[in-house]
Amino acid sequence: MLQLDVLRANPQDVKKRLTKKNFKQINLVDTIIELDDKRKASKTELEALLAERNKLSKEIGILMKNKDPKAEDVKKRVAEIKDEIDFKEAAVNQFEAELNESLVQLPNLPADIVPEGRTAEDNVVVYQVEKLPAAHQGDLPHWDLAKKYNIIDFELGVKLSGAGFPVYIGKGAVLQRALISFFLSEAAKSGYQEMMLPHMVSEESAYATGQLPDKEGQMYHVTADNLYLIPTAEVPLTNLYRDVILEESDFPIKLTGYTPCFRREAGSYGKDVRGLNRLHQFDKVEIVQLQHPDKSYATLDDMCKHVEGLLKELKLPYRILRLCGGDMSFTSALTYDFEVYSVAQGRWLEVSSVSNFESFQSNRLKLRYRTEDNKKILAHTLNGSALALPRILAGILELNQTEEGIKIPAVLQKYTGFDIIS
RNA sequence: GGAAGAAUGGCAGAGCGGUUUAAUGCGGCGGUCUUGAAAACCGUUGACUGUAACAGGUCCGGGGGUUCGAAUCCCUCUUCUUCCGCCA
């Protein structure tokens with residue numbers, strides 16, 4: 001959620017930047033400022049009435065103690081004020097509700113270096129591996145490899161749950177476990193503290209990181225207990241610091257966690273959902289940092305370097321995109337996507353997305369730090385996948401297929417205990 | 001799931017209808033003393049809102065109610081503790 005101060009300080013600039021993000025209801029900015037004006041005015045009036053009531057009530061207390069009959073007169077006066085108070089209070093509540101409802105609809109403002117553009121076509125490639133892997137005769141896409149070596153069974157998943165819930169078998173399952181261990185170990189090496197987290201969160205948590213109300217339909221909702229299955233570890237990880245006031249010396253806070261992720265993916269069909277490309281349940285190791293506003297962009301670069309390091313270790317051909325305004329998420333100020341190239345599918349697969357949210361999340365989280373002169377300032381939050389497993393697995397299977405079988409990348413072998421799937 | 005009790009400022013802990021603008025202790029910060037430190041003593045120390053700055057307002061787990069007035073009484077929800085039941 002954007003800070004009201006920012007809107008008020010420079011509404012024209014805010015509108016310009018919202019436009020870059022392809023946000024249509026620009027006049028919402030003016031509506032919000034008007035609502036805030038109204039809210040402030042009514043609140044000042046309400047508070048004057050409350051002050052008057054408090055004063056008179058105190059007088060009544062003294063009069064009653066002295067058994068003074070004038071107490072009854074004062075009581076009558078307060079009763080009159082009370083009606084006004086109820087009326088004003090309703091008005092203030094109304095304005096506050098409307099203001100909040102509008103404010104929540106505004107997406108985060110894009111950073112200056114975010115490219116103009118509306119779709120994925122407009123994203124800027126900031127790095128691409130020099131040589132794409134050569135195509136070989138008879139290369140199979142991962143869903144065929146999965147079947148050939150009996151390491152993933154999509155039909156069994158359908159039997160248990162439906163499409164998008166694959167069952168990993170034998171070496172396939174071990175490879176998943178190895179990837180999780182590898183990613184967590186690497187994150188630990190980079191100084192991230194590992195957390196094991198709940199896979200369901202409350203409405204409050206989902207709201208604080210911005211999944212609600214924006215992405216209501218994307219999450220599985222356990223209605224009996226009003227809990228949401230997490231779409232990413234970002235939600236519990238970042239909510240750990242909801243309503244927290246940090247000291248400046250606490251920065252940076254670096255957290256990591258492995259969780260399964262659950263996404264309804266309503267409306268996604270076609271070739272994009274083939275095999276491991278898009279699932280309802282998948283595994284991911286997430287990294288999160290909480291940082292001082294002055295350092296968050298340097299931190300974003302650090303996090304990108306970490307992700308890049310993983311892809312290099314796994315020897316996967318990758319590229320890095322700076323997302324354009326129209327393709328960025330609602331909550332992000334700057335996002336880099338990492339994609340792995342699959343020859344067998346002839347396409348790039350998104351395996352990580354690293355973002356700086358600036359104070360957009362911390363505003364709702366009420367995550368702040370205390371400055372030397374005791375001011376409380378919103379911290380910046382960042383997160384990234386490091387990494388999401390299914391497409392990494394797809395990449396490994398497709399890129400390392402040989403006539404003998406699928407070669408396991410060297411860095412993973414100490415976690416798998418085998419070097420080939422045959 | 002059943003029964004009972006509890007929830008107060010960073011922590012501990014009073015207050016149970018009207019100078020509470022929440023006592024007191026610990027911790028934190030500043031000072032005196034000291035070569036320095038400790039001890040002792042003195043002072044200071046919550047959050048939100050609001051103002052140019054004051055003032056003012058709100059907050060005693062959340063929400064609602066009673067009252068002229070609620071931390072204090074009532075209802076409700078949540079969480080915790082203890083006991084019982086069930087159970088990885």
Side-chain angles (χ1 to χ4, degrees), chain A residues 1-9 32-104 196-208 212 221-228 236 239-251 253 290 359 361-379:
Chain A
M1 184 160 66
L2 291 175
Q3 291 173 260
L4 257 177
D5 295 355
V6 175
L7 294 200
R8 300 202 70 111
I32 287 168
I33 292 172
E34 274 169 39
L35 281 170
D36 190 42
D37 287 338
K38 286 184 191 165
R39 190 207 59 150
K40 274 190 187 168
S42 329
K43 191 151 190 179
T44 306
E45 289 169 25
L46 171 65
E47 285 174 358
L49 290 169
L50 287 174
E52 178 72 5
R53 185 197 66 183
N54 289 349
K55 209 182 85 191
L56 293 177
S57 289
K58 203 164 271 182
E59 275 177 31
I60 292 170
I62 294 164
L63 290 172
M64 301 258 293
K65 198 173 250 175
N66 299 334
K67 303 256 187 316
D68 192 324
K70 271 190 263 176
E72 289 307 314
D73 297 339
V74 184
K75 276 192 192 180
K76 274 181 199 145
R77 278 170 58 201
V78 178
E80 286 164 25
I81 293 179
K82 208 183 165 187
D83 286 341
E84 281 184 71
I85 287 177
D86 288 346
F87 182 74
K88 277 288 171 227
E89 204 171 26
V92 170
N93 287 343
Q94 177 69 22
F95 288 135
E96 267 175 7
E98 282 177 32
L99 177 66
N100 199 263
E101 210 172 283
S102 304
L103 206 49
V104 153
M196 201 172 259
L197 301 154
H199 298 167
M200 288 191 258
V201 295
S202 64
E203 198 175 353
E204 192 181 6
S205 292
Y207 179 83
L212 292 178
H221 186 196
V222 182
T223 51
D225 296 289
N226 197 26
L227 292 169
Y228 291 87
N239 267 282
L240 254 15
Y241 284 84
R242 190 173 71 224
D243 288 319
V244 168
I245 299 177
L246 296 164
E247 300 302 326
E248 274 188 81
S249 57
D250 293 333
F251 291 127
I253 288 176
L290 312 181
S359 60
Q361 281 185 330
S362 54
N363 194 20
R364 276 200 223 175
L365 288 163
K366 296 200 181 66
L367 163 59
R368 292 160 296 170
Y369 68 94
R370 204 187 301 275
T371 62
E372 271 182 21
D373 52 343
N374 203 27
K375 286 221 165 54
K376 283 164 285 287
I377 312 278
L378 294 173

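Numbers restart at 1 for each chain; the letters A, B, ... are given by sequence-line order, proteins then strands.
- Nucleotide rA6(B) has rU79(B) as its partner under the Watson-Crick or G-U criteria, with both atom distances under 3.5 Å.
- Judged by distance alone, with hydrogens and angles left aside, the side-chain atoms of S362(A) form a donor-acceptor pair with the main-chain N or O of A379(A) at under 3.5 Å.
- Here the separation of rA71(B) from rG46(B), taken at their C1' atoms, is 16 Å to the nearest Å.
- The partner of rU67(B), taking Watson-Crick or G-U wobble pairs whose two distances both stay under 3.5 Å, does not exist in any strand shown.
- When all heavy atoms are compared, the tightest approach of H221(A) to N226(A) is NE2-OD1, 2.8 Å.
- Y369(A) and F251(A) have perpendicular rings, their planes meeting at more than 60° on a 0 to 90° scale where under 30° would count as parallel.
- Nucleotides rA4(B) and rG57(B), compared at atom C1', are 39 Å apart to the nearest Å.
- Nucleotides of RNA chain B that come within less than 4.0 Å of any heavy atom of chain A span, from the 5' end to the 3' end, rG18(B) to rG69(B).
- Atom name P, nucleotides rU81(B) and rG27(B): the rounded distance is 28 Å, in whole Å.
- Across the C1' atoms, rA40(B) and rG50(B) are found 42 Å apart, a figure rounded to whole Å.
- Identified under the side-chain hydrogen bond (donor to acceptor under 3.5 Å, both in side chains) test for residues 40-57 of chain A, with sequence neighbours left out: E45(A)-K88(A).
- Nucleotides rU35(B) and rC26(B), compared at atom C1', are 31 Å apart to the nearest Å.
- The P atoms of rC48(B) and rC60(B) are separated by 16 Å, rounded to the nearest whole Å.
- As rounded to the nearest Å, rU45(B) and rU24(B) have P atoms that lie 12 Å from one another.
- Look at the P atom in both rA47(B) and rC41(B): the space between them is 28 Å, to the nearest Å.
- If you check the side chains of Q3(A) and N363(A), you find no donor sitting under 3.5 Å from an acceptor.
- Pair assignment for rA12(B) gives rU24(B), based on Watson-Crick or G-U wobble hydrogen-bonding distances that are each under 3.5 Å.
- Within the 4.5 Å cutoff, side-chain heavy atoms of L367(A) are placed close to those of L246(A).
- Positionally, the nearest nucleotide of RNA chain B for I245(A) lies more toward the 5' end than for the other of I245(A) and E52(A).
- Base pairing analysis places rC29(B) opposite rG43(B); the two distances defining the Watson-Crick or G-U wobble pair are each below 3.5 Å.
- Minimum interatomic distance between L35(A) and S102(A) (heavy atoms only, all atoms of both residues): CD1-OG, 4.0 Å.
- Heavy-atom distances to RNA chain B give each of R370(A) and S57(A) a nearest nucleotide, and the one nearer the 5′ end belongs to S57(A).
- Within 4.0 Å (heavy atoms only), L50(A) reaches sugar-phosphate atoms of the nucleic acid but no base atom.
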